[in-house]
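Reading through the structure tokens given below for one structure.
Worth saying up front: this structure is predicted, and the values here are computed from it rather than measured. The chains referred to below are lettered A, B, ... by the order of the sequence lines, with proteins before strands, and numbering in each begins at 1.
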Protein chains: 2
Amino acid sequence: MDIEVQLQQVFDLPPAQVREISQYFVEETVGKGEFFLASGQRADRLSFIASGIFRVFAQTESKEVTQWIGGEGYFITDLSSFLFDNSSRWQIQALTDAKILSLYRSDYQRFESLLPQWNVVEKRFIAKCFMVLESRVFDFISLSAEERYLQYFEQHKAFFNQVPLQFIASVLGMTPETLSRIRSKVGG
Amino acid sequence: MDIEVQLQQVFDLPPAQVREISQYFVEETVGKGEFFLASGQRADRLSFIASGIFRVFAQTESKEVTQWIGGEGYFITDLSSFLFDNSSRWQIQALTDAKILSLYRSDYQRFESLLPQWNVVEKRFIAKCFMVLESRVFDFISLSAEERYLQYFEQHKAFFNQVPLQFIASVLGMTPETLSRIRSKVGG
DNA sequence: CAACGCCCTTGACATTTATCAAGAAGATAA
DNA sequence: TTATCTTCTTGATAAATGTCAAGGGCGTTG
């Protein structure tokens, strides 16, 4: 997955500016099981996933809850921590070996003066994140567990057979046992 | 609920700029049952709710789904429609007579040149909306229906006895009957 | 190879939630 | 006032989901 193509799609900038921006993304690797963002840290980078899969999760009193799973072509960070320099609510762990392209906050903050329309681009990016969650909330209140699974499976086929189903179950708001039964029922 | 106080809290600007911005909010009234935003329209304004309650909902094949209920002190619009001039995904209806202060897109777009830090302010506003939804998703995957109700009740006591419980049930992702039984059980 | 750990599945059972239907309470209109 | 409508509640029952426990598959490690 090429980062310039992806930046083009997400940020909708002319090729020259995409190329200028992409220079600031530095290549990094994260080994399977390693933490991209550990408990209590601040997110100091916004990273494009060139390959590999990450999960975003939090610890409650009783259990560990996976909020989101991101793979190739997605960006990963704790957005509020990255934008506002808060300590992170989430932990982020690599589920496979991964290659990422990281934009550090210090560079990110320079974009505003480098690119005239950066504020428009940034706004659009954050608003897109908002819209993704808006849809996800709507799915929770309007779809059954089985429908949520089928939709997720269609949109994230690449995750299956690569990430433990228990994490997918958590993202979908159900127990691993329920997910297992839904899968055997619908023949996924 | 004073709009300058609220703008101060949400946008975190110095008093002089709050006053400057607040001039562009025009007072409007919406009667009970009237639509703030009807099906297929575009959201051309971001409105501060001075008094009254609104619901944001969508129609699916089988049922009507209330995504959100907003009252005094909140802002209301279809954010993606307002920001990007898309046709709206949601309908928005007043559940009570309401007084709102509306910022129309044409004025909103002027803020960028009027206020030097407007892009920062706007970013923060959208990011806050994101964080609210992030928490809501987390609630769906980590809390039981009863826990979601108790939390919602604590945070939105003002809605109860003013909005039909069926709408609150939808926001919480359960049927009206289930909400009714939870309420009789916990004694809300 | 054997032993271990991790993950998934499956069964049995309990709990939660949805569905359907009926009726009561309250508001609104005639 | 009566009639009507909407909303809420409640009951009976079915369906969905959670919990607990057991076992199997599979890769890793000694």
Side-chain angles (χ1 to χ4, degrees), chain A residues 31-34 53-55 57 60-66 69 93-97 139-153 156-188, chain B residues 31-34 52-55 57 59-66 69 93-97 139-153 156-188:
Chain A
K32 177 174 178 172
E34 287 180 15
I53 303 177
F54 292 82
R55 73 173 176 128
F57 68 102
T60 71
E61 325 80 57
S62 57
K63 57 186 171 181
E64 209 180 74
V65 177
T66 298
I69 298 169
Q93 186 183 29
L95 295 176
T96 66
D97 288 339
D139 290 344
F140 273 113
I141 64 182
S142 66
L143 300 180
S144 68
E146 184 176 320
E147 288 169 327
R148 290 202 304 281
Y149 163 72
L150 287 170
Q151 178 177 307
Y152 194 85
F153 180 72
H156 303 281
K157 283 206 172 68
F159 292 167
F160 292 78
N161 295 325
Q162 282 198 84
V163 327
L165 291 173
Q166 53 181 321
F167 298 147
I168 295 176
S170 179
V171 169
L172 293 173
M174 63 185 78
T175 61
E177 293 95 334
T178 296
L179 177 59
S180 177
R181 292 188 175 104
I182 288 176
R183 279 163 60 79
S184 74
K185 180 184 165 198
V186 304
Chain B
K32 177 174 177 171
E34 287 179 16
I53 303 177
F54 292 81
R55 74 174 177 126
F57 68 102
Q59 187 73 41
T60 71
E61 325 79 57
S62 57
K63 56 186 172 182
E64 209 180 75
V65 177
T66 298
I69 298 170
Q93 185 183 30
L95 295 177
T96 66
D97 288 338
D139 290 344
F140 273 111
I141 63 182
S142 66
L143 300 179
S144 69
E146 185 175 319
E147 289 168 327
R148 290 203 304 282
Y149 163 73
L150 288 169
Q151 177 176 308
Y152 194 85
F153 180 72
H156 303 281
K157 282 205 172 69
F159 291 167
F160 292 79
N161 294 325
Q162 282 197 86
V163 327
L165 291 172
Q166 55 182 318
F167 298 147
I168 295 176
S170 179
V171 169
L172 293 173
M174 62 185 79
T175 61
E177 293 95 331
T178 296
L179 177 58
S180 177
R181 291 188 175 104
I182 287 176
R183 278 163 60 79
S184 73
K185 180 184 165 198
V186 304

Could you list all N or O pairs between the protein and nucleotides 19-21 of chain D that sit under 3.5 Å apart?
{"residue": "D:dT19", "atom": "O4", "partner": "A:Arg181", "partner atom": "NH1", "Å": "3.4"}
{"residue": "D:dC20", "atom": "N4", "partner": "A:Glu177", "partner atom": "OE2", "Å": "3.2"}

Nucleotide N/O of nucleotides 14-16 of chain D paired with protein N/O under 3.5 Å:
none

Quiz item: Between D:dT7 atom C1' and B:Leu95 atom CG, what is the distance in whole Å?
Solution: 14 Å
Practice problem: Of all the heavy-atom pairs spanning B:Gly31 and B:Ala94, show the shortest one and how long it is. | Solution: O-CB, 3.5 Å
Cut-off 3.5 Å, no hydrogens considered: what does the side-chain donor-acceptor table look like for residues 174-181 of chain B, sequence neighbours left out?
{"residue": "B:Thr175", "atom": "OG1", "partner": "B:Thr178", "partner atom": "N", "Å": "3.2"}
{"residue": "B:Thr175", "atom": "OG1", "partner": "B:Thr178", "partner atom": "OG1", "Å": "3.0"}

Self-check item: Minimum heavy-atom distance between B:Val171 and B:Phe140, given as atom pair plus value
Solution: O-CZ, 3.7 Å
Self-check item: Degree of bending, the helix from C:dC1-D:dG30 to C:dA30-D:dT1 (end axes from five pairs; round to 10°)
Solution: 30°
Exercise. Grab the NZ-P distance between B:Lys32 and D:dT6 for me, whole Å please.
Key: 13 Å
Quiz item: If you measure from CZ on A:Phe159 to CG on A:Leu95, what distance do you get to the nearest 0.5 Å?
Solution: 9.0 Å
Exercise. Could you list by number each residue of residues 164-172 of chain A showing a heavy-atom separation from DNA chain C of less than 4.0 Å, or answer none if no residue does?
Key: A:Pro164, A:Leu165, A:Gln166
Quiz prompt | Residues in side-chain contact (heavy atoms from CB on, under 4.5 Å) contact with B:Gln93, at least two apart in sequence or another chain | solution = B:Phe35, B:Arg55, B:Phe57
Practice problem: Starting from P on D:dT17, measure out to CZ on A:Arg183 and report it in whole angstrom. | Solution: 16 Å
Exercise. Please step through side-chain contact (heavy atoms from CB on, under 4.5 Å) for the pair B:His156 and B:Ile69, ending with a clear verdict.
Key: CA-CA 10 Å; B:His156 303 281; B:Ile69 298 170; over 6 Å; no
Quiz item: What distance separates B:Tyr149 OH from B:Leu143 CG, expressed to the nearest 0.5 Å?
Solution: 15.0 Å
Quiz item: Could you give the CD1-to-P distance, from B:Ile182 to D:dT10, as a whole number of Å?
Solution: 14 Å
Self-check item: Gap separating the OG atom of A:Ser142 from the CD atom of B:Gln59, nearest 0.5 angstrom
Solution: 12.0 Å
Quiz item: Would you say the side chain of B:Val186 lies within less than 4.5 Å of the side chain of B:Phe153, judging by non-hydrogen atoms?
Solution: no
Practice problem: Please list, in 5' to 3' order, the outermost nucleotides of DNA chain C lying under 4.0 Å from any heavy atom of chain B. | Solution: C:dT17 to C:dC20
Table please: side-chain donor-acceptor pairs of residues 162-170 of chain A below 3.5 Å, with sequence neighbours left out.
{"residue": "A:Gln162", "atom": "NE2", "partner": "A:Ala158", "partner atom": "O", "Å": "2.9"}
{"residue": "A:Ser170", "atom": "OG", "partner": "A:Thr66", "partner atom": "N", "Å": "2.8"}
{"residue": "A:Ser170", "atom": "OG", "partner": "A:Thr66", "partner atom": "O", "Å": "3.3"}

Practice problem: Taking salt bridge (Lys or Arg N to Asp or Glu O under 4.0 Å) as the test, write out the residues that go with B:Lys63, two or more places apart. | Solution: none
Practice problem: Output all residues satisfying side-chain contact (heavy atoms from CB on, under 4.5 Å) with A:Ser62, sequence neighbours left out; order by chain, then residue number. | Solution: A:Thr60
Practice problem: Test A:Glu146 against every option in A:Lys185, A:Gln151, A:Arg183 by the side-chain hydrogen bond (donor to acceptor under 3.5 Å, both in side chains) rule and name the one that passes. | Solution: A:Lys185
